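Everything numeric in this text was worked out from a predicted model, so none of it was measured. Here, residue 1 is the first one in the sequence, and each next residue gets the next number.
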Amino acid sequence: MSGTTTAGPGAPGIVCAFAVTRTPPDAAALAAARGHEEGGPLRLVRAGGLCLVVQDVPAALFDQEALTERLNRPGDLERCARAHHRGVEAAAGRGPVVPLPMATLYRGDPTAARAVTDRREALEALLDRLRDRTEWAVKVHAAEAPPEPAAEAGAQAGAGAGAGGRAYLSRVSARRRDRQGAHDRALAEAEAVDAELRRYAVAATRHRPQSERLTGHRAPQLLNVAYLVEDARRAAFTGALARIAAARRPAVRIDASGPWIPYSFARWDEDPRSGPEAPAAPDREEVRS
């Protein structure tokens, strides 16, 4: 087991790893790919029959303390995430890959290679599972509700006993029941969408719904699901998506995207045979020595 190139200048000992593959990417394509702007060229570390796509990065920016500080800044976090995705895409040029968590760092090639060989059986099983399969993301939101009639609420907020107060409280109670009923209908439609799409997928995993601050929608996100789909079944899956989009589902709005590299199904620190409902991979791992 050894690295294929010598660490570049300005990269004192820290190696950032992007993905594991059996099929080394084209050398010219790898050379043309960009990882982290501060690091050297992408290169391969060979570990038995597997390859790890890595980049030498400077310790001043990528040791534990510096990296923690950088990842707490939204702009730096986004740049790191984009760089990581570029590295994973470069690794996936000729076959399936196991993407690693963002900011998976090692102190030198031997440590990186040992991490791969120590998990070789699980990685081989994952590569078999992910071959000729891609990930599709589907997010289901409740239909956006009309704003609360604030003027009426303000006018009646101080209403006390009597017919006016009872009428106001009755209207408030009715609106609350209507909102709960609309939410229940939306959730039932979202579950029906998920059940239909699972018929065309090898596996599916639910991620935590995103907040309204992240989605930019007032209505809540009900489901955030990733589906692992056989390439041979892609037309069937996208056909199901088209039918769902064409059907009248007034209680929900559906957003779908893909195909993607199957990040959600590539937990290399777990047995891939343990089931599809494993939690999402952590954002990063500490520097390992």
Between [Y] and [X], is there a side-chain heavy-atom distance shorter than 4.5 Å?
X: Trp136; Y: Pro259; value: yes
X: Val140; Y: Arg253; value: no
X: Glu189; Y: Ile254; value: no
X: Tyr106; Y: Val54; value: no
X: Val202; Y: Val229; value: no
X: Leu105; Y: Leu67; value: yes
X: Phe18; Y: Leu42; value: yes
X: Val57; Y: Glu38; value: no

Search all heavy atoms of [X] against all heavy atoms of [Y] and return the closest pair with its distance.
X: Asn224; Y: Pro209; value: CB-CA, 4.1 Å
X: Gly48; Y: Thr117; value: N-CG2, 4.4 Å
X: Val97; Y: Pro99; value: O-CD, 3.5 Å
X: Ala204; Y: Tyr227; value: CB-CD2, 3.6 Å
X: Ala113; Y: Val45; value: CB-CG1, 4.0 Å
X: Pro96; Y: Leu127; value: O-CD2, 3.4 Å

Is it the case that atom CZ in Arg243 sees more than 12 heavy atoms from other parts of the structure closer than 6.0 Å?
yes

Contacts satisfying salt bridge (charged side-chain N to carboxylate O under 4.0 Å, His left out) that involve residues 79-104 (not counting sequence neighbours) are Asp26-Arg94, Asp76-Arg79, Glu78-Arg82

Enumerate the salt bridge (charged side-chain N to carboxylate O under 4.0 Å, His left out) contacts for residues 228-239, please, sequence neighbours excluded, ordered by first and then second residue.
Arg133-Glu230, Asp231-Arg234

Please evaluate residues Arg22 and Asp128 with respect to the criterion side chain to side chain contact (heavy atoms under 4.5 Å, CB included), reporting the C-alpha separation (whole Å), side-chain torsions for both, the decisive distance (0.1 Å), and the verdict.
CA-CA 10 Å; Arg22 288 193 191 102; Asp128 287 341; 2.7 Å; yes

Using modelled atom types only, decide if a donor and an acceptor are shared between the side chain of [X] and the backbone of [Y] within a distance under 3.5 Å.
X: Glu135; Y: Tyr263; result: yes
X: Asp194; Y: Ala190; result: no
X: Thr134; Y: Leu228; result: no

To the nearest 0.5 angstrom, please state how far the [atom1] atom of [X] sits from the [atom2] atom of [Y].
X: Leu100; Y: Met102; atom1: CG; atom2: CE; answer: 12.5 Å
X: Leu123; Y: Arg120; atom1: CG; atom2: CZ; answer: 9.5 Å
X: Gln221; Y: Arg208; atom1: CD; atom2: CZ; answer: 12.0 Å
X: Arg119; Y: Leu126; atom1: CZ; atom2: CG; answer: 11.5 Å
X: Arg46; Y: Leu52; atom1: CZ; atom2: CG; answer: 11.5 Å
X: Phe265; Y: Leu130; atom1: CZ; atom2: CG; answer: 9.0 Å

Aromatic ring pairing His36/Phe62, orientation class (parallel under 30°, perpendicular over 60°, tilted between):
perpendicular

Step by step, would you call Glu124 with Leu50 a side chain to side chain contact (heavy atoms under 4.5 Å, CB included)?
CA-CA 9 Å; Glu124 293 275 11; Leu50 299 177; 3.8 Å; yes

State which residues pass ring-ring contact (aromatic ring centres under 6.0 Å, His included) with Tyr200; sequence neighbours excluded, sorted by chain then number.
none

Let's go through Glu191 and Arg198 carefully: what are the C-alpha distance in whole Å and the side-chain angles of both, what is the deciding distance for salt bridge (Lys or Arg N to Asp or Glu O under 4.0 Å) to 0.1 Å, and is it a yes or a no?
CA-CA 11 Å; Glu191 293 290 349; Arg198 284 175 186 254; over 6 Å; no

Would Val138 and Leu241 count as a side chain to side chain contact (heavy atoms under 4.5 Å, CB included) if you check the C-alpha gap in whole Å, the side-chain angles of each, and the deciding distance to 0.1 Å?
CA-CA 9 Å; Val138 176; Leu241 278 174; 4.1 Å; yes

